[in-house]
Novice: 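I have a structure here, written as structure tokens, and I will follow up with some questions on it.
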Amino acid sequence: MKNATKNSNDSKFQKLLDNNKFVFLVSLIAAFVVWVAVAMYASPDEKTTISVPISIDMENGVISKNSYQIFGTYNNTVDITVSGPRYLISKLKPEDISAVAKTNDVDSAGISNLPIKAAVLSNSDEVSIVDMSVSSVTVYFDTLESKKFDVEVDKSKLSESVASDYVIHDVTPLTTSVTLSGPKTEIDKVNRVVVAPEIDGTLTKSQTVDTVVSLEGSRAVDTVSINEYIHFEEKVKVKISVWQSEEIPLSVNIDGTADGISYSINPKTAKFGIDTEQADSIKNIVIASVSASNIKDGDKMTVKASSVPASEYYSFENPDASFEITFANSNDSE
């Protein structure tokens, strides 16, 4: 009975062997298995390049002790070329590789060049790193410093931008102070914040303009570079008050009875900057007030422009000018 069953099975197997389709299918499967085995274990290693984010090792004792931070930007990725079997290489992702910038040699604040240590996190025995686009990264370490500075306006070139018969009366920064923040090393270099108005064309009226900001050191010749590490309000505007320039007659105010009293002023006119809205109403400008009872014939007095009371509507173009007043008193000669 057993022999009959065996013969029956052998007969079925023989029929399968005689079936060309079955033999073809078995051969195809066997060939695929052999191909996979060869591809996985017998094919030569392949290479691929992966962009990997760089992390900064902040465990250095100097960094933690001084509370150093990283300022500015740095190259935060590295292209890493790896070699290994195709079936492993094709599956690698950036998170499968680490790239750490080591801070072992950082011993003070400032710019440091950190070496990058890269490693394959999985299948490290079969996949190796053969090249990196960069071997180090430059980073600025320092403590954070914030300092407030008053804004100073550089008016030195404004006169070149004013139209003929106009003068600059005043320049007022709309932002009177700025706070700089950044690495202590950089902030400590700054002593003054100076803004220069940006003029487009010729000034013939009052206007508000942007400025160019300069950071200066303890000496006027020391200019501190505005760099990516220092942060502050980028735009500081100033209001430029433009007045009309006019030659105006001068006068003296005589208190009391002025009969028989006269005077002459040398020079009898002066250049003034006048608020354009008030120009038509100002006919002369009083530079002195004298009591009639104190005036003797032939009296002289000198008045300096700087001693004349200030006005919100006009000002001397030359504050150093002086004027001589000569009085005549016919009453005194009788």
Novice: Output the distance between atom CG (L144) and atom OG (S67), rounded to the nearest 0.5 Å.
Specialist: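 Separation between the atoms: 10.5 Å.
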Novice: Determine, using the 4.5 Å side-chain heavy-atom cutoff (strictly less than), whether V100 and I56 are members of one ILVMFWY cluster.
Specialist: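 No; tracing contacts between hydrophobic side chains, which count when under 4.5 Å, never links both residues.
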Novice: F323 and side-chain contact (heavy atoms from CB on, under 4.5 Å): which single residue from T269, I265, V252 fits?
Specialist: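 Only match with F323 under side-chain contact (heavy atoms from CB on, under 4.5 Å): I265.
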Novice: Run the side-chain contact (heavy atoms from CB on, under 4.5 Å) check on T77 and N75 step by step: do they pass?
Specialist: CA-CA 6 Å; T77 60; N75 184 15; 4.0 Å; yes
Novice: Contact between L215 and L180 at the side-chain level, heavy atoms closer than 4.5 Å - yes or no?
Specialist: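 In contact.
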Novice: I want to check something: taking the side chain as every heavy atom from C-beta on, are N191 and F149 in contact at a cut-off of under 4.5 Å?
Specialist: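 The answer is no, as the side chains (C-beta and beyond) never meet within the 4.5 Å cut-off.
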Novice: When you compare the side chain of D45 with that of P85, does any pair of heavy atoms fall below 4.5 Å?
Specialist: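 P85 vs D45: side chains touch.
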Novice: Just do the side-chain contact (heavy atoms from CB on, under 4.5 Å) check on V238 and V195 with the steps written out, would you?
Specialist: CA-CA 9 Å; V238 296; V195 299; 4.2 Å; yes
Novice: If you count every heavy atom of other residues, nucleotides or ligands that lies below 6.0 Å from E247 atom CD, does the total exceed 12?
Specialist: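 Atom CD in E247 is packed in, count exceeds 12.
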Novice: Taking side-chain contact (heavy atoms from CB on, under 4.5 Å) as the criterion, tell me which of Y313, W243, Y314 meets it with H169.
Specialist: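 The residue from Y313, W243, Y314 that satisfies side-chain contact (heavy atoms from CB on, under 4.5 Å) with H169 turns out to be W243.
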Novice: We want to know whether E317 and S245 form a side-chain donor-acceptor pair, criterion being a heavy-atom distance below 3.5 angstrom.
Specialist: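 On atom types as modelled, these side chains qualify, holding a pair under 3.5 Å.
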Novice: Below 4.0 angstrom, N of the basic side chain to O of the carboxylate: do E186 and K189 qualify?
Specialist: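 A salt bridge links E186 with K189.
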Novice: How about L158 and E160: do any of their side-chain heavy atoms sit closer than 4.5 Å?
Specialist: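 No. Closest side-chain heavy atoms not under 4.5 Å.
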Novice: Testing the 3.5 Å rule here: is there a donor-acceptor pair between the side chains of E228 and T73?
Specialist: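 Note: E228 and T73 side chains meet the donor-acceptor criterion.
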Novice: Donor-acceptor pair, distance only, cut-off 3.5 Å: does the side chain of T103 make one with the backbone of M58?
Specialist: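 No; judged by distance alone, with no hydrogens or angles, the pair does not exist.
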Novice: Is the number of heavy atoms from other residues, nucleotides or ligands within 6.0 Å of CG (N253) greater than 12?
Specialist: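 Yes - once you tally the heavy atoms of other residues, nucleotides and ligands closer than 6.0 Å, there are more than 12.
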Novice: Which atom names give the shortest non-hydrogen contact between L174 and K239, and what distance separates them?
Specialist: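 What the structure gives for the nearest pair is CD2-CB, 4.1 Å.
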Novice: Measuring from L114:CG to T138:OG1, what's the distance to the nearest 0.5 Å?
Specialist: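 The OG1 atom of T138 is 7.5 Å from CG of L114, to the nearest 0.5 Å.
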Novice: So P173 and V151, do their side chains get closer than 4.5 Å, heavy atoms only?
Specialist: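 Contact flag for V151/P173 side chains = yes.
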Novice: Check whether any side-chain heavy atom of I282 sits under 4.5 Å from a side-chain heavy atom of I274, and report yes or no.
Specialist: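 The answer is yes, as the side chains (C-beta and beyond) meet within the 4.5 Å cut-off.
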Novice: Any chance you could measure S181, atom OG, to I187, atom CD1, to the nearest 0.5 Å?
Specialist: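 Reported to 0.5 Å precision, the distance equals 6.5 Å.
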Novice: Would you tell me whether K300 and T326 have side-chain atoms, one donor and one acceptor, within less than 3.5 Å of each other?
Specialist: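 A donor-acceptor contact under 3.5 Å links the two side chains.
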Novice: Side-chain heavy atoms under 4.5 angstrom apart, residues restricted to Ile, Leu, Val, Met, Phe, Trp, Tyr: same cluster for V62 and Y140?
Specialist: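 Cluster IDs for V62 and Y140 differ.
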Novice: Between atom OG of S241 and atom CG of D275, what is the distance when rounded to the nearest 0.5 Å?
Specialist: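 Reported to 0.5 Å precision, the distance equals 7.0 Å.
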Novice: Can you see which heavy atom on K235 is nearest to which on D210, and at what distance?
Specialist: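 Smallest interatomic distance, heavy atoms only, reads NZ-OD2, 4.2 Å.
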Novice: So which atom in N331 and which in G260 form the shortest heavy-atom distance, rounded to 0.1 Å?
Specialist: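 So the minimum-distance heavy-atom pair works out to ND2-CA, 4.1 Å.
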Novice: If we count only N and O atoms by modelled type, under 3.5 Å, do the side chains of T49 and D79 hold a donor and an acceptor together?
Specialist: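 No - no donor-acceptor pair under 3.5 Å links their side chains.
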Novice: Ignoring hydrogens and geometry beyond distance, is a side-chain donor-acceptor pair present between D150 and S177 at under 3.5 Å?
Specialist: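 D150 vs S177: no donor-acceptor pair found between side chains.
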Novice: Can you confirm whether K205 sits close enough to V242 that some side-chain heavy atom of one is under 4.5 Å from a side-chain heavy atom of the other?
Specialist: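 In short, these two side chains do not touch, never coming nearer than 4.5 Å.
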Novice: Quick check on the hydrophobic clustering: are I50 and Y87 connected, directly or via other members, by side-chain heavy-atom contacts under 4.5 Å?
Specialist: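 Yes, I50 connects to Y87 through the hydrophobic network.
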Novice: Does one hydrophobic cluster hold both F316 and V286, with members joined at side-chain heavy-atom distances below 4.5 Å?
Specialist: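 Different clusters: F316 never reaches V286 through Ile, Leu, Val, Met, Phe, Trp or Tyr contacts under 4.5 Å.
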Novice: My understanding is that only one of V171, V194, I240 makes a side-chain contact (heavy atoms from CB on, under 4.5 Å) with V153; could you say which?
Specialist: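 For V153, the side-chain contact (heavy atoms from CB on, under 4.5 Å) check succeeds only for V171.
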Novice: D57 side chain to K102 main-chain N or O, any donor-acceptor pair under 3.5 Å?
Specialist: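 Answer holds: no.
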Novice: Are T172 and D170 linked by a side-chain donor-acceptor pair shorter than 3.5 Å?
Specialist: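 Result is yes, a qualifying pair exists.
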Novice: Distance check, rounded to the nearest 0.5 Å: Y263 atom OH versus I295 atom CD1?
Specialist: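 Here the rounded value is 10.0 Å.
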Novice: For a quick test of reading the model, state the closest non-hydrogen atom pair linking I287 to L250 and the distance between them.
Specialist: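 Between these two residues, the closest heavy atoms are CG2-CD2, 3.9 Å.
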Novice: Using atom types as modelled and distance alone, determine if a side-chain donor or acceptor of D299 lies under 3.5 Å from a backbone N or O of F327.
Specialist: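 Answer holds: no.
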Novice: What closest approach, in Å, do V190 and K147 show between heavy atoms, and which atom pair accounts for it?
Specialist: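 Answer, listing the atom of V190 first, then K147: O-NZ, 4.3 Å.
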Novice: Rounded to the nearest 0.5 Å, how far does NZ of K47 lie from CZ of R86?
Specialist: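 Between R86 CZ and K47 NZ, I get 15.5 Å after rounding to 0.5 Å.
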Novice: Taking 4.0 angstrom as the limit, do D142 and K184 come out as a salt bridge?
Specialist: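 No, this pair does not count.
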Novice: Show the numbers, then the answer: is there a side-chain contact (heavy atoms from CB on, under 4.5 Å) between D255 and V290?
Specialist: CA-CA 6 Å; D255 297 326; V290 182; over 6 Å; no
Novice: Carefully, step by step, assess D154 and S156 under the rule side chain to side chain donor-acceptor pair (under 3.5 Å).
Specialist: CA-CA 6 Å; D154 178 7; S156 60; 2.7 Å; yes
Novice: Is the closest side-chain heavy-atom distance between N318 and F272 below 4.5 Å?
Specialist: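 They are not in contact (no side-chain heavy atoms under 4.5 Å apart), so the answer is no.
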Novice: Quick check on side-chain contact (heavy atoms from CB on, under 4.5 Å): which of I63, V106, V139 does S112 satisfy it with?
Specialist: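 Per the side-chain contact (heavy atoms from CB on, under 4.5 Å) rule, the option paired with S112 is V106, out of I63, V106, V139.
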Novice: Keeping the roles fixed (side chain from D96, backbone from L92), state whether a donor-acceptor pair exists under 3.5 Å.
Specialist: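 No, the answer is negative, given that no donor and acceptor are paired below the 3.5 Å cut-off.
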Novice: To check you understand the geometry: which heavy-atom pair defines the closest contact between Y166 and L203, and what is its length?
Specialist: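 Distance-wise, the nearest heavy atoms are CB-O, 4.4 Å.
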Novice: Closer than 4.0 angstrom, basic N to acidic O: yes or no for R192 and E216?
Specialist: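 Counted as a salt bridge, because a side-chain N and a carboxylate O are separated by less than 4.0 Å.
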Novice: Transitively linked via ILVMFWY side-chain contacts under 4.5 Å: V82 with V134?
Specialist: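 Same cluster: V82 reaches V134 through Ile, Leu, Val, Met, Phe, Trp or Tyr contacts under 4.5 Å.
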Novice: Any donor and acceptor pair, going by atom type alone, linking the side chain of N66 with main-chain N or O of Y68 inside 3.5 Å?
Specialist: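 The answer is no, because no donor-acceptor pair under 3.5 Å joins these two groups.
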